[in-house]
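Written out below as structure tokens is the structure these notes cover.
Given the structure is predicted, the values throughout are model-derived calculations rather than measurements. Start at 1 with the first residue, then count along the sequence.
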Amino acid sequence: LEAYPIPAGEEVVFHGSDDIAAKGGTISIYNTIGGLVGQIPVGPSMEFRFKIPQQWTPGLYIVTFEDTAGALTVPIKLTIKSTI
């Protein structure tokens, strides 16, 4: 799983491997203290677009993908920049 642009502004695009594209599952986004701040159910696809909620503060977030069989990807870092 990859994310771009980094740092993200109003939207982030997640790009998955062939395995992710074939299965679908859930993208989970955590803040730096481990709190779950968002989950995005995704169908079988190579790319997933996510509009970042305005109430999210700029900073570092951790993203994982869990497929429909329960397999997790290695966590990736997502940095959100200020839109001001």
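The side-chain heavy atoms of Ile40 and Phe48, taken from C-beta on, include no pair separated by under 4.5 Å. In this structure, the side chains of Phe65 and Phe14 stay at 4.5 Å or more apart for every pair of heavy atoms.
The number of heavy-atom neighbours closer than 6.0 Å to CD of Glu2, taken from other residues, nucleotides and ligands shown, is 12 or below.
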Atom pairs and distances, donor-acceptor, side-chain atoms in residues 27-37, under 3.5 Å, two or more places apart:
unit_1: Ser28; atom_1: OG; unit_2: Gln39; atom_2: NE2; d: 3.1
unit_1: Asn31; atom_1: OD1; unit_2: Ile33; atom_2: N; d: 3.2
unit_1: Asn31; atom_1: OD1; unit_2: Gly34; atom_2: N; d: 3.2
unit_1: Asn31; atom_1: OD1; unit_2: Gly35; atom_2: N; d: 2.7

Fill in: Criterion side chain to side chain contact (heavy atoms under 4.5 Å, CB included) on Ile52 and Glu10, from CA distance to verdict
CA-CA 5 Å; Ile52 298 168; Glu10 296 178 3; over 6 Å; no
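In this structure, Leu1 is not a member of the same hydrophobic cluster as Ile62, with clusters built from ILVMFWY side-chain heavy atoms closer than 4.5 Å.
In terms of heavy atoms, Leu60 sits closest to Lys77 at CD1-CB, 3.7 Å. Residues Ile80 and Gly9 come closest through the heavy atom pair CG2-O, 4.4 Å. Residue Ala8 comes nearest to Leu78 through the heavy atom pair CB-CD1, 4.1 Å, listed as atom of the first residue, atom of the second, then distance.
Between Trp56 and Phe50, the ring planes lie tilted relative to each other; the angle falls in the 30° to 60° range.
For Pro41, the side chain to side chain contact (heavy atoms under 4.5 Å, CB included) criterion is met by no residue, not counting sequence neighbours. In this structure, the side-chain hydrogen bond (donor to acceptor under 3.5 Å, both in side chains) partners of Glu11, at least two apart in sequence or on a different chain, are Arg49. Listed by chain and residue number, nothing satisfies the side chain to side chain contact (heavy atoms under 4.5 Å, CB included) test with Pro5 (two or more places apart in sequence, or in another chain).
Grouped by direct or indirect side-chain proximity (heavy atoms under 4.5 Å, Ile/Leu/Val/Met/Phe/Trp/Tyr only), Val13 sits with Tyr4.
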